[in-house]
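Presented below is the structure to which this report refers.
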Protein chains: 6
Amino acid sequence: MTELITFGETPLRLSPTGDQRLEQAREATIHADGTASNVAVAADELGAETLWLSKLPESPLGRRVQSQIEEQGVETAVAWSEDPAHRQGLLFREGAAAPRGSKQWHDRGNTAAATATPAEFPMDRVQETEIIFAGLGTAVLSQEAAETTGALLRAAGGSGAMTAVDLDYSQGLAPPDTYSGVLETLAADIDVLFAEEESAREALDRSGGPRELANTIAAEYDLEIIVIRRSDRGAVALRDSPGTNIIHERETVETETVDPTGEMGAFVGAFLERLIDGSDTARSLSYAVAAATLSRTVPGPFLTTTAGELDPIAETVVDKSR
Amino acid sequence: MTELITFGETPLRLSPTGDQRLEQAREATIHADGTASNVAVAADELGAETLWLSKLPESPLGRRVQSQIEEQGVETAVAWSEDPAHRQGLLFREGAAAPRGSKQWHDRGNTAAATATPAEFPMDRVQETEIIFAGLGTAVLSQEAAETTGALLRAAGGSGAMTAVDLDYSQGLAPPDTYSGVLETLAADIDVLFAEEESAREALDRSGGPRELANTIAAEYDLEIIVIRRSDRGAVALRDSPGTNIIHERETVETETVDPTGEMGAFVGAFLERLIDGSDTARSLSYAVAAATLSRTVPGPFLTTTAGELDPIAETVVDKSR
Amino acid sequence: MTELITFGETPLRLSPTGDQRLEQAREATIHADGTASNVAVAADELGAETLWLSKLPESPLGRRVQSQIEEQGVETAVAWSEDPAHRQGLLFREGAAAPRGSKQWHDRGNTAAATATPAEFPMDRVQETEIIFAGLGTAVLSQEAAETTGALLRAAGGSGAMTAVDLDYSQGLAPPDTYSGVLETLAADIDVLFAEEESAREALDRSGGPRELANTIAAEYDLEIIVIRRSDRGAVALRDSPGTNIIHERETVETETVDPTGEMGAFVGAFLERLIDGSDTARSLSYAVAAATLSRTVPGPFLTTTAGELDPIAETVVDKSR
Amino acid sequence: MTELITFGETPLRLSPTGDQRLEQAREATIHADGTASNVAVAADELGAETLWLSKLPESPLGRRVQSQIEEQGVETAVAWSEDPAHRQGLLFREGAAAPRGSKQWHDRGNTAAATATPAEFPMDRVQETEIIFAGLGTAVLSQEAAETTGALLRAAGGSGAMTAVDLDYSQGLAPPDTYSGVLETLAADIDVLFAEEESAREALDRSGGPRELANTIAAEYDLEIIVIRRSDRGAVALRDSPGTNIIHERETVETETVDPTGEMGAFVGAFLERLIDGSDTARSLSYAVAAATLSRTVPGPFLTTTAGELDPIAETVVDKSR
Amino acid sequence: MTELITFGETPLRLSPTGDQRLEQAREATIHADGTASNVAVAADELGAETLWLSKLPESPLGRRVQSQIEEQGVETAVAWSEDPAHRQGLLFREGAAAPRGSKQWHDRGNTAAATATPAEFPMDRVQETEIIFAGLGTAVLSQEAAETTGALLRAAGGSGAMTAVDLDYSQGLAPPDTYSGVLETLAADIDVLFAEEESAREALDRSGGPRELANTIAAEYDLEIIVIRRSDRGAVALRDSPGTNIIHERETVETETVDPTGEMGAFVGAFLERLIDGSDTARSLSYAVAAATLSRTVPGPFLTTTAGELDPIAETVVDKSR
Amino acid sequence: MTELITFGETPLRLSPTGDQRLEQAREATIHADGTASNVAVAADELGAETLWLSKLPESPLGRRVQSQIEEQGVETAVAWSEDPAHRQGLLFREGAAAPRGSKQWHDRGNTAAATATPAEFPMDRVQETEIIFAGLGTAVLSQEAAETTGALLRAAGGSGAMTAVDLDYSQGLAPPDTYSGVLETLAADIDVLFAEEESAREALDRSGGPRELANTIAAEYDLEIIVIRRSDRGAVALRDSPGTNIIHERETVETETVDPTGEMGAFVGAFLERLIDGSDTARSLSYAVAAATLSRTVPGPFLTTTAGELDPIAETVVDKSR
């Protein structure tokens, strides 16, 4: 049985080689880089049986996306679009050293994924998974994509699966309003919400520290678990319990960054894989922080590791819950 | 005074490195590759004062296009679009050895260039140029682009400039009908038409050898000069003369191909540069064939050469007019 | 249901970049390159459901092999060896222009694959496949490997599958005697034998043209079908029929070679995929010749194509059966 | 009207790829890297209309220099030398991590630039510029180069332009004496002098902190403005005012260095562009410090940025004037 | 006369390019990387006449090893093995940023070097050298290799040479027991022992700080000099003197690491070269620390430097002996 | 004893990567490429004991030249110049496909090699060699270089060595007159002269076929052997014999060219190695033609091969002497 199903668009990311600026670049690397597939890859590397659902154009670019995900051992169920008007989403990314910040440009209009419908996916398998995951970065692409996301969450959730969603906010893809609107629509079908601290503030128009964010968001959307990742300052998980909320907090492990991309996918994928494996929220959070750290030491957005390599790093994650 | 003005969209071309298939590619080279700019570069390298007109998004991708053209010494007059909905056109290209053919995929919907209007360009300079050139590959993108192409041809032609157009047909960009329709609309303002033999057959739904093509197309559209390039079998130019048509035919020079792209731009650019320099059709045709040949020995779509290097090759072009 | 199961060792191939000689090389490309996996990839690309069986060391090198095969969409069933004495097979290859010949050096002692036993594989699936394939290049590695090859052929063949074997001879891996000995042992369980013409002569110590080779080998080993590939001179297939043998012969399609490796895998994979699809020997042979040709235009030993791209090339393959 | 004209030799810089030592290197990157062109590129990127004057050999190496500068949008006025004895200056550079220092080797004997004369440049444009800039690294190459530098400064300064000079000292190009001698000769025609702190000490044989350096040098050479850049410790600018000198001091912004080359050019170019734009010394100094910082995050000696990107970094520059 | 002779196996090291994980790698760099040859290269660069003894397979891989060592100016005396069963040792290495550690995998079974015998080397030269050096990483490969190491040490030592050995411990090559066993056997013929602190603890099953390690190991094996390198925390040397032991201790110089490999070879080579040049233990230790530091700034395991570059760094090494 | 000593300047050659034109190039490969060292490498690879004499600047560029030659196993005796005015010779080379020809630009003024004197070399070894070789490309650099070439030829020839010289003509290095002048001066000390057919015509102002060239040049300069290489049309050797001249002629072996550079060095080195080995002129000529062919299949100017690989190719060289 599949343990984790993830759904979402995966753009091809083009990044200039060798720290070049995009406007100077003569060469770019190409990599499949989407939240749903990054989460699937991370969970799969650590031991979960995963399936990635998406819609791609029947073109070399679409096949390029699928094959790089399958290379990682993730099973895929792709709805192939023959409509020439359905594009493959692209993402141009320019890495940068401080104080110049990394930048990205979405070129994701009219993509195949934005037209996906539930009927294009194996719903029987959706109804049998342990956890289903989706990122709102796909749901904000179109009305259709939002509805499909909702239908998948309901189908799995209705059959007893845990439903998990990442806020997955990215400047320039859609306005903050769209994110909060979609979240409101889907909230009733979400058990676990992941969000980066800054994204939560910007997309949901909130302020306050991570604990306050977790408490108010969990309350407003009636979530079972909410996990806030604080980029290089650790993470916080809040679990709704009868009478009280339990908060766990972790510090980040120090690292020399090779490539920061894919950090959130590694974080979420590891968290979910631990839940599947039977860990509690506290242990899953440590593991997620360790996975995010390790993903920074590997080029590309995929977490390439084994549980055996991750375990000792997870041991070093500092608990600062109290 | 500017001697040659060219107008048209220039996509960024992404090509997998090292003969890889696009669906396997981990790295791609990036190059500005548009008919109008390729023609401008070729003419400029050979000595003409050239100016390229286009519209680009105000983004790193748009600046990337401009800077690579300026690197070749061509002056540019770019209308910069701040509208985030205006994309930079992309072109994915996979080179291939026979019997597998090279392939390309246009990703050129909603581009900035398709929204260009005459008011965005320095029309005073258009009215002072010796020759104006446009490719129909831009005119077929939108009604607006077709009208702008027409307006530029009329403005220059009305001031005494020679007006030149390349059929510039490419499968998958627009249906053949659109090309022939646009050509018909613009024909009254065209003095010289360039076309690749196969493109002429496909886009204009014709048959017959190159001489027959030249004769019937020249007649139908009432053209002064028509030049048919026959890929690796040379070229034919027909000059309309009172009472009779004069046909020139040239054989291709043998070459070891390093990169076939940009061949048509080199051909047209060299032909026009020779006309500006005072050569007649016959001499210009030899020069154009030589330039196309030489462009095959250089990677990328730009002709990088000097008149001094091209001259001896042009001498070896065989005249088979009779 | 799986349509094709292939079994065999897949070495990692290291090739100097940029035509360098191995003894000068500062950099090498790495690619999984084994007969059984090359066949599986080719058949899968063209539409067959394929499964690759092998044994690999539980190490980054072993995982490297598996992931590159899964990237192509082939399902894998790998027996992972934890024994540190079980090596990952390596193959050093130096490509060369004529008159200097390409060379390869096997570094394949003590590999995990040579210790594979039937119990390590999903025999239920073996018993349900339509075709099973193995290369003798694995069977010659050890007594155990030969026995496992035999057991797999018998298990599948006994359940009604077609059994196919490639002679898969390579200088320096094992002496010719070993190949002919293993073939003799396995012959009773082989329906279809593939061989390169020169390999057949050298490993089986025979002479004569390809038709004579096919006839005498088919007779000696009592084969249903034998297919002789003649490198750049086409291929011959002989089908044993009551009372008479039917011979089909095809010419090679002309090509500009980018990388000749993987040609035999493409040939065999395409041939078997066609049989699965219901084609007869004659049509399968044309298709196999086309696939081998196309594989020369792509870097690396994998056939990357689609049936749609291959069909028109297969149409051009010349029948010279009579 | 041109706002900034810069004059000086631009060598081609060859640097081993990948941190290799020059004595091991198999490959080198090639980049135009001269003080005058680096300054021009930086000012142009930030919005000033710039023109670069130089003399180059009529050879592929000379054209290579020009095209890379034009790629950045800078206009060029090149005196082309047909004399085969006039070389293109070369600079071999080996980057290094601490404690091993970066090193460079000048190969700049007999260069075309050292033979430049005022008559080879468009003096009418020199007389109309707002600012003219030259580096002493060219003036020390030959008596002729020093005289040409002086003539250009006088021509522009006499027409009301501000005249700016960089001390531009580099070990191994010419002895310190030559620099101080040339500076003395030109001093009467210099309004603004830029210098790196260590270079000022070594070339002008002085000691003391940056403020003392600024004061004594300004006094000795009777300069209007002197700007001392302190590598990773910020910068100091002294503006001569009736009765008193005003000193501004800035700290460096912290950065992860990708490539330190071109830092001084970015600094000077940004300072001058701000002056042209109407900023005062204090604001120009902050901007220059920010530009130098940002240039360290981009490979190659050119500042690739926009004013929009630089502004927020300039805001963070700490004023420690008091 | 040869001043330093080193003996030992040199594997070819394959490392993924660009921080890739081995299991993802498409390309690897190739470099000869063995303790004995790294020591020889370092000593040679700094001025000693050195000769490297080893046994290699007569194959492109074997020749690859030799030529890269000769490129550095080291003389070689190679016993070439024609036996196809004698492999070239390989080493796969994956560099990594913290907290993920660098890893390496030995593929060194059945190597030619493990079969070397004294008769295969020029023993007359061994008897005339000033210093002979061997690493135990070769001696642990086989009984034969241990005996050959012993015979070479005795031959040189018996003729008055100083005999030096590096513990040269590497996880996964042989168990700690084997190292301590071989050391015990050879101890009577060893004057100077080098060891990395952690390796000494692990291979010799000891605890305590570096000074304690030095004292107890020197006592147990009756060594004249023992040098303990403490990775990034400096080094300690103990010289046995009548009545008392003299301890020298040095701190590490701070550095930005480009490639940490080859550090121990640089350390040992520089120490021995200084001894040959007449320095005492204290001065040699400073020099060795400086060389190890500098080797971290250069890619690859070879120390590429000159005495002139190393001297000023050695001056900065801090003595913390008391 | 050394069997072959070669003397001459070896420039560092910089070639754009990937078929780029020099004026576009962003990256270049670096390789030591001089006639004398190319000849030494070829002879050494095939089995001769060789020593290369030259003078180099004491700089990373000079050391770069030496180490690449030593990497090939050739012994070197280098006179190191500390004079900063003595440059390392450079050669910029642009490879090209037909009809565009390859081009090169010499940047070889003021090189160290041009100042070499006999006293800087081990003349005792010169007097003991079997063959000495020099290329006139060094002798034409300066009066000093010509005299040193003469002194070395006389010293070796006077002790019984065979003296061999390559005409070594290259456009742009020195005028034809200089070559013929130097040849005339040295002729009395030359036994064997090598020349490329076209170079012989241009530098010595002659016409006629290769046999006529050989006859007239041998007669004019009173040479024992003259060998004319005809690029892709084979080679001719004339041996002066009492009463008659014996002519040998060979056809070229067909090859796919990877890199044509170094062909003449391979040709001459193989010819001389065969003479040393005892072959006669006829056999040496076949071997030289085979070596030149094989060198075209390897990137870079060095012949990387073994006698075992060359022998079968030499067997296929067609004799068309009669």
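Since we're looking at a predicted model, the values are computed, not measured. Chain letters run A, B, ... following the sequence lines, proteins first and then strands; every chain starts at 1.
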Heavy-atom contact with chain B under 4.5 Å, split by part of R87(A): side chain
Which heavy atom of E23(A) sits nearest to which heavy atom of S67(B), and what is that distance? O-OG, 3.8 Å
With only heavy atoms counted, which part of L90(A) is less than 4.5 Å from chain B, the side chain, the backbone, both or neither? side chain
Heavy atoms only, distances under 4.5 angstrom: which of N110(B), D107(B), L12(B), V65(B) has the most pairs with chain A? Name it, please. D107(B)
Side-chain heavy-atom pair L61(A), W105(B) within 4.5 angstrom cut-off: no
Within 6.0 angstrom of E49(B) CD, more than 12 heavy atoms from elsewhere: no
Just checking E144(B): does its CD atom have more than 12 heavy atoms from other residues, nucleotides or ligands closer to it than 6.0 angstrom? yes
Is there side-chain contact between R21(A) and R63(B), with at least one heavy-atom pair below 4.5 Å? no
Report which part of Q66(A) has an atom under 4.5 Å of a heavy atom belonging to chain B: side chain, backbone, both, or neither. neither
For the pair I30(A) and L14(B), evaluate side chain to side chain contact (heavy atoms under 4.5 Å, CB included) and give the outcome as yes or no after the intermediate values. CA-CA 10 Å; I30(A) 307 175; L14(B) 293 111; over 6 Å; no
Take atom CG of D205(B) as the centre, draw a 6.0 Å sphere, and report whether it contains more than 12 heavy atoms from other residues, nucleotides or ligands. no
Under 4.5 Å to a heavy atom of chain B? For T17(A) that would be side chain
Any side-chain to backbone donor/acceptor pair from R64(B) onto A25(A)? Under 3.5 Å, distance only. yes
Nearest 0.5 Å please: distance from the CD atom of E27(B) over to the OG1 atom of T29(A). 6.5 Å
